[in-house]
Amino acid sequence: MSTGSRPRVVLGVAGGIAAYKACELLRRLTESGHEVRVVPTASALNFVGAATWSALSGQPVATGVWDAVHEVPHVRIGQNADVVVVAPATADMLAKAAHGLADDLLTNTLLTARCPVIFAPAMHTEMWEHPATVENVATLRRRGAIVIEPAVGRLTGKDTGKGRLPDPEQIFQVVRRTLVRGSSVPDLAGRHVVVTAGGTREPLDPVRFLGNRSSGKQGYALARTAIARGARVTLIEANTGLPDPAGADVVHVGTALDLRDAVVEAAEDADCVVMAAAVADFRPATRVDGKIKKTDAEPEPIALVKNPDILAELARDRLRPGQVVVGFAAETDDVLANGRAKLARKGCDLLVVNRVGEELTFGTDVNEAIVLAADGSETPVPHGPKEDLADVVWDLVVPRFA
Ligand code: CTP
């Protein structure tokens, strides 16, 4: 592990066209004070040459184990790292890592590293979905590696699908969170968590809806931190307009009923469900097909019907035995008393209670809350980034996986 103040990152680059995007990740890491040693594979150098990696990192670059042998680089580089991130990780690299092959400097480094290891895969959809790759990814995750889900979009040729390297900024955020936590065994590795985010919109007609002011930022912070702690994350987002976080399976929904369908499907094999979305309690009783036109007459009142309480249903049904269910409560008055009553009413394991108002919480990057647990404990979380609150939530969820 590093003894200096600058965190030591090993950036492994495997042979895929997305190697050029790793240059941006490298810059982001060095500019924010990380010491980065780039270890490309020989095939990666077909895409981006050693001179580029060396100039951008300010460090020597080698691909094999026969350079500078007296320094025993095949052991030292891995041993000295605070985090190893492989971006792009090709199907071949995932296979080698899963099987412990060590035929070059990067694969040797992966075997000697005792720090967190992050893989950011990039490949064609067919390769990502091949049973061999699926098993290799499962093996790596089971051992505690963080394998972030590839993004969906345009691939090398004209085709599109899942397999794009996630946005370098998003990979950077996973690296940063992993370093902040400093844990060598990601405590959510092997877990599937479902997080909902945003606010549902209940349509009145094709152009109007009843909605709310939730930005979704707290739910996204929960997703990002869970990925950095090794979880497989399904993020169900409603109307946030935020970019998909790297490493999550993202489901886009509109209304409370859509959200309920998506959550129930995803929760079947989930270890934990966090309902951070602001779900509309009511929806218009009818959705008018064409735009409602203004006439000289006074408008008709809008009839509403109740939406299902998804959190209460999840807490009651526990779609998987031992599933941990977490709710959020936005309160304007009597925050604690209302929070306790809501926790009992909904039957969830944890309830994150925060005070909201026009200038408080909505749309900002900071939050302040108290987390109430069904066992009576209370954990106050001071004013700070939404990611800090998210990490406290996961800290409280992990011991509840019994
Ligand atoms: N929630 C839900 N389904 C609903 C309404 C809310 O699953 N139909 C979830 C939210 O995702 C959140 C929690 O319940 O996790 C609390 O939401 P809140 O709106 O504060 O609670 P309500 O049940 O609406 O209570 P009240 O209106 O009394 O504040």
Side-chain angles (χ1 to χ4, degrees), residues 148-153 160-162 164 166-167 169-171 173-174 177 188 191-203 209-229 231-281 283 307-311 313-314 319 325-330 348 352 354 356 361-367 369 385-387 389-391 393-394 397:
I148 62 185
E149 290 288 311
V152 176
T160 57
K162 191 165 187 174
R164 264 168 78 93
D167 181 38
E169 174 62 23
Q170 307 273 343
I171 303 173
Q173 293 300 340
V174 176
R177 290 308 296 174
L188 290 174
R191 302 288 182 180
H192 177 206
V193 303
V194 177
V195 177
T196 67
T200 64
R201 290 181 180 175
E202 311 300 321
F209 57 83
L210 298 181
N212 61 67
R213 297 164 60 93
S214 177
S215 68
K217 286 186 173 177
Q218 184 61 62
Y220 275 62
L222 281 153
R224 278 196 303 274
T225 48
I227 294 162
R229 293 168 74 149
R232 175 161 77 85
V233 176
T234 304
L235 174 65
I236 299 169
E237 76 83 35
N239 311 299
T240 63
L242 297 172
D244 293 354
D249 273 319
V250 186
V251 183
H252 302 276
V253 298
T255 66
L257 294 179
D258 296 343
L259 188 136
R260 184 221 223 167
D261 288 347
V263 174
V264 167
E265 190 184 335
E268 260 165 27
D269 70 344
D271 299 284
C272 176
V273 185
V274 182
M275 287 291 299
V279 182
D281 288 321
R283 66 178 183 277
N307 273 330
D309 188 326
I310 304 165
L311 176 61
E313 285 181 3
L314 289 167
L319 295 171
V325 178
V326 183
F328 270 70
C348 49
V352 184
N354 47 32
V356 291
T361 304
F362 285 122
T364 68
D365 294 316
V366 288
N367 212 343
K386 286 186 171 172
E387 289 184 329
L389 171 57
D391 268 325
V393 170
W394 298 125
V397 164

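These numbers come from the heavy atoms of this one structure, side chains and all, not from hydrogens, waters or symmetry mates. Computed from a predicted structure; not experimentally measured.
When each of Arg232, Arg164, Lys162 is tested with Glu149 by the rule salt bridge (charged side-chain N to carboxylate O under 4.0 Å, His left out), just one qualifies, namely Lys162. When each of Leu235, Thr234, Leu259 is tested with Thr196 by the rule side-chain contact (heavy atoms from CB on, under 4.5 Å), just one qualifies, namely Leu259.
Asp309 contributes atom CG, which lies 7.5 Å from atom CG of Asp281 (distance to the nearest 0.5 angstrom). In this structure, Gln173 CD and Glu387 CD are separated by 6.5 Å, a value rounded to the nearest 0.5 Å. Atom CD of residue Glu237 and atom CG of residue Leu242 lie 7.5 Å apart, to the nearest 0.5 angstrom.
Scanning both residues, Tyr220 and Pro243, for their nearest heavy atoms gives CE2-O, 3.3 Å. Ala262 approaches Val253 most closely through the heavy-atom pair CB-CG1, 3.9 Å. The two residues Gly199 and Asn212 come nearest to each other via the heavy atoms CA-OD1, 3.5 Å. Nearest heavy atom pair, residue Ser214 against residue Gly198, reads OG-O, 3.3 Å. Considering all non-hydrogen atoms of both residues, Gly219 and Val195 come closest at O-CG1, 3.5 Å. The two residues Cys272 and Val326 make their nearest non-hydrogen contact at SG-CG2, 4.2 Å.
Using modelled atom types, one side-chain atom of Asn307 and one backbone atom of Ala280 make a donor-acceptor pair closer than 3.5 Å. Looking at Asn367, its side chain never comes within 3.5 Å of a backbone N or O of Leu389 through a donor-acceptor pair. Between the Gln218 side chain and the Ala276 main chain, no donor and acceptor come within less than 3.5 Å of each other. For Lys386 (side chain) and Thr364 (main-chain N/O), a donor-acceptor pair under 3.5 Å exists by modelled atom type. The backbone N or O of Gly254 lies less than 3.5 Å from a partner atom in the side chain of Asn239, making a donor-acceptor pair. For the pair Arg177 (side chain) and Ile227 (backbone), a donor-acceptor distance under 3.5 Å is absent. A donor-acceptor pair is defined here as one N or O able to donate and one able to accept, closer than 3.5 Å; such a pair exists between the side chain of Asp271 and the backbone of His192. The backbone N or O of Asp258 lies less than 3.5 Å from no partner atom in the side chain of Asp261, so there is not a single donor-acceptor pair.
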Tell me, with the steps shown, if Ile310 and Met275 meet side chain to side chain contact (heavy atoms under 4.5 Å, CB included).
-> CA-CA 8 Å; Ile310 304 165; Met275 287 291 299; 4.0 Å; yes

Show the numbers, then the answer: is there a side chain to side chain contact (heavy atoms under 4.5 Å, CB included) between Arg191 and Val397?
-> CA-CA 11 Å; Arg191 302 288 182 180; Val397 164; over 6 Å; no

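The environment of Glu169 atom CD is dense: over 12 non-hydrogen atoms of other residues, nucleotides or ligands sit within 6.0 angstrom.
Looking at Phe209 and Thr200, their side chains never come closer than 4.5 Å, going by heavy atoms from C-beta outward. Counting heavy atoms from C-beta outward, Pro166 and Ile148 have side chains that approach closer than 4.5 Å. The closest side-chain heavy-atom distance from Phe328 to Val274 is below 4.5 Å.
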